[in-house]
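To find a chain, count down the sequence lines: A is the first, B the second, and so on, and within it residues start at 1.
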2 protein chains.
Amino acid sequence: MNDEAEAESGVDAGDAVTPPATAPGRPRDEEASGRIRAAALKLVREEGYGQVSISRIAKEAGAARQTLYNRWPTKAELVLDAFFAQANAIAARPDPAPDVPRSIVLRDFLCDIFAHLQRDGAALRSLIAAAQQDEDFCAIFRTRFVEPRGHIVEELLRDAQKRGELGAGRDTAMLTALVHGAFWYRLLNGQALDDRLAQGIVAEIFGG
Amino acid sequence: MNDEAEAESGVDAGDAVTPPATAPGRPRDEEASGRIRAAALKLVREEGYGQVSISRIAKEAGAARQTLYNRWPTKAELVLDAFFAQANAIAARPDPAPDVPRSIVLRDFLCDIFAHLQRDGAALRSLIAAAQQDEDFCAIFRTRFVEPRGHIVEELLRDAQKRGELGAGRDTAMLTALVHGAFWYRLLNGQALDDRLAQGIVAEIFGG
DNA sequence: TTAATTATTGGACTATAGTCTATAAATAAG
DNA sequence: CTTATTTATAGACTATAGTCCAATAATTAA
């Protein structure tokens, strides 16, 4: 399979394309991607996904509109990338001390997510919406965002089982869907994501 | 508050506006609303929300595009209305026999929903997406769709508590969010909604 | 019959996502 | 220096949601 030509060209999943190292033609302006991501992040945070056009992001970043489309296939992928470039724009993997019950670790992890979503919840809602209208983006969003965070929760729950804090017969994959589902459900219905919710989810999952 | 003039005019929540009984001017073509809803339902089911334009629905229904906007403020509200006019396009409230455990009733209720969503799941995803981009529609969608179905589950869970099938200390509102959340989470991530999922949700909620 | 009122219709209009193309600019290799 | 190659840019283009408006049609009231 001759995929060398393909591998280094075009718009690809994840980041704004891998640099071709030493290529024949005009080199890509590497700094532009950062400016574009920063502009997208700033404008979407300040005004909301739906209120910001690709044209405005391009203008704010000092680039041509087509340059954005050269690097990201859709607005949704650009914005996802912009938020991910902010490292942990959403939440960091917990590194729990051995003596802390995993229910507490999960609660704190959820509180951490919810705190981030005070700022970025509206953008997350827009990205979830975009994923419903674009299968390709749905797959990328699931791979880059949904599944990694799902795994964190599921590992936590399996760890809790090993420690005897959660029944060995519980289905951790299902519990993970319940936990994340509850917060998506609240987020997508415009309801508050607060510490009380985190506490309540954990109480029902562990205390059931 | 003089709201009489307002009450009978304009585009209103829910249905395609109440008929003004005996009004002065040209009467609304009442049959048109049905044709428009039917066209919207048919086209969205056949081709998908994003693939069907308001213009095509109007054409299919034999009405002017502006007539649709006279009766529904947005595409999302028209489509929501079209699916609701199909009576129970999503799922009926269960009427359980006294001897059936409420966990079984809940499981069957979820299976019923999932069966409907085999056909209309894609449309539901699009409506949820629309709700993220339009606050007004979000409120209408929540009132007409989300909350009624939430109440069904919550009543079922409270009934289960009364019957001693679910711990009295459980938070039924939180459990409702967990149940519905889990299925939204699966739906919105493009995963299957099958009987196994219904069984798994109920097992973790009741069997925890 | 005339006037007032309301709905329907067709068309213009704005804003936007995404595509496509032609031109110019920047680089490597010959 | 010339050629091939790639990127950047500007602008045209399509399709669509939603708005606005003017002309017409259908009705009630006088």
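Rounded to an integer number of Å, the gap from A:Trp72 CH2 to D:dA8 P is 10 Å. Atom CD1 of A:Ile57 and atom P of C:dG18 are 11 Å apart (whole Å). One interatomic measurement links the two molecules: CZ of B:Arg56 to P of D:dA15, which rounds to 13 Å at whole-angstrom precision. To the nearest angstrom, P of D:dA8 lies 20 Å from NZ of A:Lys59. When rounded to the nearest whole Å, the span between CG of A:Leu68 and C1' of C:dT19 equals 15 Å. Counting to the nearest Å, the C1' atom of C:dT8 and the CZ atom of B:Arg71 are 9 Å from each other. Look at CG on A:Asn70: it is 13 Å from P on D:dA10, rounded to the nearest Å.
Put simply, the side chain of A:Arg186 never gets that close to the backbone of A:Leu193: no donor and acceptor are under 3.5 Å apart. When atom types are taken as modelled, the side chain of A:Gln161 and the backbone of A:Arg170 share a donor-acceptor pair closer than 3.5 angstrom. The backbone N or O of B:Arg102 sits less than 3.5 Å from a side-chain atom of B:Glu165, completing a donor-acceptor pair. For B:Arg35 (side chain) and B:Ala61 (main-chain N/O), a donor-acceptor pair under 3.5 Å exists by modelled atom type.
Contact annotation for B:Ala63: backbone-only contact, meaning every heavy-atom pair under 4.0 Å involves sugar-phosphate atoms and none involves a base.
Ring-plane geometry between B:Phe183 and B:His180 is classed as tilted, the angle between the planes lying from 30 to 60 degrees on a 0 to 90 degree scale.
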Base, backbone or nothing for each nucleotide of nucleotides 17-30 of chain D, written B, S, -, heavy atoms under 4.0 angstrom, 5' to 3'? SBBB----BBBS--

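No side-chain heavy atom of A:Phe145 sits under 4.5 Å from any side-chain heavy atom of A:Leu127. Taking 4.5 Å as the limit, every side-chain heavy atom of B:Thr74 sits out of range of all side-chain heavy atoms of B:Asp136. Two residues are said to be in side-chain contact when any heavy atoms from C-beta on lie closer than 4.5 Å; A:Asp171 and A:Leu175 fail this criterion.
In summary, A:Glu60 and A:Arg56 do not engage in a salt bridge, as defined by a charged side-chain N under 4.0 Å from a carboxylate O.
The side chain of A:Arg28 places no N or O atom within less than 4.0 Å of a non-bridging phosphate oxygen (OP1 or OP2) of C:dA26.
Helical stems of DNA chain D (runs of at least 3 Watson-Crick or G-U pairs, donor-acceptor distances under 3.5 Å) are listed by first residue: C:1-30 with D:1-30.
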